[in-house]
Amino acid sequence: MTVVWTPVCRFADLLAERGVAALIGDAQVAVFRLHDDRLRAIGNRDPVSGAHVLSRGVVGSRGDRAVVASPMHKQAYDLDTGECLDADARVPVFPIRVRGGVVEVGTA
Amino acid sequence: MRLVVVGNGMVGQRLIEALAARDTDGRWSVTVLAEEHRRAYDRVRLSAYFEGATAEDLTLAPAGVPSGTDIRLGEPVLAVDRAARVVRTAAGSYPYDALVLATGSFPFVPPAPGRDARGCFVYRTLDDLEALREYANGRSDGIVVGGGLLGLEAANALRLLGLRTSVVEFAPHLMPMQLDPAGGAMLRRRIEELDIAVHTGTGVTAIATDGDRLRVDTAGELALEADLVVFAAGVRPRDDLARTAGLAVAERGGILVDSSLRTNDPAVFAIGECAAVEGRCYGLVAPGYAMADVVVDRLLGGAAAFGGADTSTKLKLLGVDVASFGRTAGALDVVYADPANGLYAKLALTDDAGTLLGGILVGDATAYGALRAAVGGPVPGKLADFLSAGAPDVALPGHAQVCSCNNVTKDAVLAAIGDGCGDVPAVKACTRAGTTCGSCVPLLKSLLAEAGVAQSTALCEHFAYTRQELFDLVRVRGIRTFSALVAGYGTGRGCDICKPTVASILASLGNGHILDGEQAALQDTNDHFLANIQRDGTYSVVPRIPGGEITPERLIVIGEVARDFGLYTKITGGQRIDLLGARVEQLPDIWRRLVAAGFESGHAYGKALRTVKSCVGSTWCRYGVQDSVGLAVALELRYRGLRAPHKIKSAVSGCARECAEARSKDFGIIATEQGWNLYLGGNGGFRPRHADLFLSDVDTDTLVRTVDRFLMYYIRTADRLQRTAAWIEGLDGGLDHLRAVIVDDRLGLCADLDAAMARHVAAHTDEWRDVLEDPVKLRRFVSFVNAPSTPDPSISVGRERGQPVPLRLPAVRR
Ligand SMILES: Cc1cc2nc3c(=O)[nH]c(=O)nc-3n(C[C@H](O)[C@H](O)[C@H](O)COP(=O)(O)OP(=O)(O)OC[C@H]3O[C@@H](n4cnc5c(N)ncnc54)[C@H](O)[C@@H]3O)c2cc1C
C-alpha cells in the first residue's frame, strides 16, 4: 500500500506540547509537536466518549512514553502506539513528517 | 459459663471485643446490660460532636455485636445479689458465673444550692451534649465550672456553639492535675486571647434563677451571669451498685480491686473508671483498656496482672497543645518560658540532671513522644533543644510507647510496617495504635516515613512535592515557566495533573495572560479555550453577571447571541446564564458580540472565583438591612479571574433570612444591623457543608480585608482540588489557626497576603477581550488547522423542548 502524504500546516504554526486537529478526507487526525520538536499523529476521536477531542488534551509523559490525556475523562494515550494506558482502547497512529517547513500526515 | 457485664462504655466494649477475639472455643456466653440507649461510643472524642461528628461517627462498634454476645441497651442494673449470683434490672434477672462492673464515672457537681436549675448541664454522655446543644440555640453566653481538661473541652464546645464563654476554676491555676502554676498561667494567656474569660482560685457557691438567666455566686467577690452553666469539675467513680451489694470500696470512692481486678468477691471484677486498683482510680481510657485485657486473660485461665499505668497526657485544648508526662516536679527543674509565643516547657530531673523524671509542655508538644519515652533514663539529646520550640531529631527507643491509649510500642508499629502495613489506616487496623484519641497519628506517619515507606504527598509522578511546596518554590525562586520548574525540581514532561496545577500557580502569582507563551500548553482544555467542554466536544459560554444583576439591554444581547449561534440556554445556580453547544471556531465570534455589549469572561471554565450570588437586599426588600447586591458586585469584580486550587463560590444575603444561601459558599456574607457577618468554608456538592461563622458585625473594609487574606492564604497553602472546607479542616488548629494567621497575624504574613491581593486587583484584564485583540492566540480557535472554519462533521444536533441539544455519540468501549 502506498502512503499518501497530505500537508496540514506549517511546523511553525504548532505549539510545543499542544495538539491541533486536521481533516484529511473523512479522517480527523490529532497532530502533536513534542517538547523536543518530534511530531506525532493519532486519531482525534476519543474512543471512550466518542467525541473528536484528543487534539485538545494535555501532552506530557508517563514513565518514558509520550502521552496525551483525553480532555474528556483524562485517559492517557501513548502517542507512539495509540494504546490507551488507562482503559481497554486504542486509537490509530498516522505517519507524520516535515517537508520544507510544512507538516505532512500520511494516510493509506 | 455465663459472663454478665454491667456497662457498655469504652472499657466494657473493649472487654467484650477482646474476649470475643481470644475466647475462640466459646467458653463464655456474654450478656451486657447497659444504661445508655446507644452502643458504646468514643467518649474521648465526645467533643467532636460539636464539630459535626454524628453519633455514628463516634460509635466504637461499627461492625455490630460479637457473636455470642447479648447486649441490652437502656436496661440499667439495679441490684446485684451476690449470694444467688444474679443481677437484676427492671426487666428481669440475669444469673452469672462471673460479673464485670464497668460502670464508669459520674460528673462531679459541687454541692451548691441551685445546681440543678434549668440551664445547668453536665458533660459526660452524648445525651448530655444533645441537650446542651438544643438549649444553647439562640442564647448568648455560658459559664463552665471547672478549668481542667474536661472544663476546657466544654469551654471550647460553648465557643463552637457561638456562646461567649467564661471558665471558673477552684484551683489557683488551670489544669491543676497536669500543670504547674507557670504552665497553667501560659495556658491561661493563650485561652484569654480567644476571648474566654478565666477566673481561677474561686469556687461556685450558689446558682440563682433570674427569669431565663442564671446568676452564679462564687466564694469571692465575683458574681457572674449567664444563660447556662456547664459543670465539668471532674468525675467520681460509680460505685453505688457495688456499695449496696456489700463490695469493698476505696477510701475516696471506687470499687476496690486487686491487681487481678477482682473485688473482695472473687466472682466479681471491676474495670475502667469505676475501679480503684489497689486504692487508685484512673480517669483515662488507656488504663481502663489495660484492665479489660487483664480480666479477659483471667477469665480464660491466665494470670495477667495490672501493673499500674502511665497517666501521661497530650491534648490540644482550644487549639493549644498541652502535654504532661511522668512526674511534673523533680529535684531539679529546668524551665523554658516564652510568653510572646505562648510557649512553656519544664523538665523534671534528678539532682545530678542525669535522669529525666517527667515534664510539662504548653504551646508546642512536638517533643512529647521522644521525651515521654525517655522517662527513667537520660534526656535523649541536648536539653536546650527540647525546651525551645519544636522537637529535635531523636530516635525513639523500640520499647517506647507510641500509642498510650492502646499501649502500642514503637517496636509493635515497626513490626506491623514490616508485615506490609503501608499506610496509617493499615497500621491502625493492625495494631490499634491511633484508633482512640488519634494524637499519635503524626508519630505513626513519621515511623512509616522512617521505615522508608513513602507516604506519598507527591503531586504526581513528575513532582515529589505537594502543591503548597511547589507554590513556595515557584514564588520564592521566581520561577516563571513549567519547563524551568520540571527541569529543576521534577522529572519527565508533566501530565494532566501537574501541568494545570503549575499553570494555576503561575496565574495566581500574576504571570500575565493564561495563554501567553508556554503557559498555553499547560492549560487543560477548558482554560485553553476559555470555555467549558461538553460531552460532544462543544463548549459552553458563560459571561460574567456580577452579583446576578443585569440590565434588560444585556439580557437581550445574550438572547440574540444564543439565537444567532444556535445555542441552548439555561439559568445556572450561580445567578447567570449558560450558553451551550458552541463549537471551537464559533467562540471568538460569540465573544466579539458579548464583549461589544460590555460582557467579560465569567471564568466558569477556571479553578477560580465563580460568582458572588446575592438577594436584592435593602434596595428593594422590606426586610433587607444592607445593600447585598452592591457588596456582591464589588466582591465579584474584586476577585474575578483569581486562580485557586479549586473553584470558589460566594454569596451575600441582605438579612438573616439568608435568601442568597451564603452559608453554603466558600465565603458567605450575611448582613446584620451593624454590618456584616462573615462565614467561611461552606460548600454544596457531593459533601454539603455549612460555612462557619468567622467574623461578626464588621464593617465593609474589615470584611474585604479578611476575605482578601483568606483567599490568598488558601491559594498559597491548599492542595490541588481541595475546596476551602477541606482545607480548613486540614489546618492544624482549624478555624482558630486561620484566625491566628489572617486576623491576629501570628505568622507575620498579612502584609504579604494583602500585597498579593492588591497586585491581583490591579492586574485585572478581561481574558476574552485580550484573546480577541491578539491574532496569535486567536489562531488557535479553529476546528481544523487545515480547514479552519469547517465545523467538526461528527457534531450533530437534535431538539428538545424547543432548544438544540447534542445527539448521543456512539462510544466504543471494550
Ligand atoms: C469530654 C470527655 C473527654 C475525655 N477525654 C479523654 C482523653 O482525652 N483521654 C482519655 O484517656 N480519657 C478521656 N476521657 C475519659 C474517658 O472517656 C474515660 O476514661 C472512659 O470513657 C472510661 O471508660 P469506662 O468504660 O470506664 O466508662 P464509661 O465510658 O463512662 O462507661 C460506663 C458505662 O456504664 C454505664 N453504667 C453505669 N452504671 C450502670 C448500671 N448500673 N447498669 C448499666 N450500665 C451502667 C454508663 O451509662 C456508661 O455508659 C474523656 C471523658 C470525657 C467525658
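Here is how names work: the chains are called A, B, and so on, in the same order as the sequence lines, proteins then strands, and each is numbered from 1.
Crowding of Asp36(A) atom CG: a count of heavy atoms from other residues, nucleotides or ligands under 6.0 Å exceeding 12. Residue Arg480(B) places its CZ atom among 12 or fewer non-hydrogen atoms of other residues, nucleotides or ligands, all under 6.0 Å distant. Counting non-hydrogen atoms of neighbouring residues, nucleotides and ligands closer than 6.0 angstrom, the CZ atom of Arg97(A) exceeds 12 such neighbours.
When each of Ala787(B), Pro500(B), Ala520(B), Cys460(B) is scored by its heavy-atom pairs under 4.5 Å with chain A, the top score falls to Ala520(B). In terms of non-hydrogen atom pairs under 4.5 Å with chain A, the most contact-rich of Gly494(B), Gly492(B), Pro793(B) is Gly494(B). With chain A as partner, the option from Arg780(B), His528(B), Arg779(B), His462(B) having the largest number of non-hydrogen pairs under 4.5 angstrom is His528(B).
Side-chain atoms of Thr765(B) and His513(B) form no donor-acceptor pair, as typed in the model, at a separation below 3.5 Å. Under the 3.5 Å distance criterion, with hydrogens and angles disregarded, no donor-acceptor pair is assigned to the side chains of Thr572(B) and Asp578(B).
A salt bridge between Asp766(B) and Arg769(B) is absent, with no side-chain N of the basic residue lying under 4.0 Å from a carboxylate O of the acidic one.
For a residue to count as touching a neighbouring chain, one of its non-hydrogen atoms must lie under 4.5 Å from one of that chain's; by this rule Leu23(A) touches chain B with backbone and side chain alike. Using a 4.5 Å cut-off between heavy atoms, Val584(B) contacts chain A through its side chain alone, with no backbone atom that close. With a threshold of 4.5 angstrom between heavy atoms, Val8(A) approaches chain B through its backbone and through its side chain. Of the atoms belonging to Arg90(A), not a single heavy atom falls under 4.5 Å from chain B. Only the side chain of Ala69(A) has a heavy atom closer than 4.5 Å to any heavy atom of chain B. Interface remark: Ser483(B) contributes no atoms to any contact with chain A (heavy atom separation under 4.5 Å). For a residue to count as touching a neighbouring chain, one of its non-hydrogen atoms must lie under 4.5 Å from one of that chain's; by this rule Ala16(A) touches chain B with the backbone only. In this structure, chain A has a heavy atom under 4.5 Å from the backbone of Gln534(B), while its side chain stays farther away.
In this pair, Trp768(B) and Phe781(B) present their aromatic rings tilted. The plane angle is within the 30 to 60° band.
In terms of modelled atom types and a separation under 3.5 Å, the side chain of Arg18(A) and the main chain of Arg56(A) share a donor-acceptor contact.
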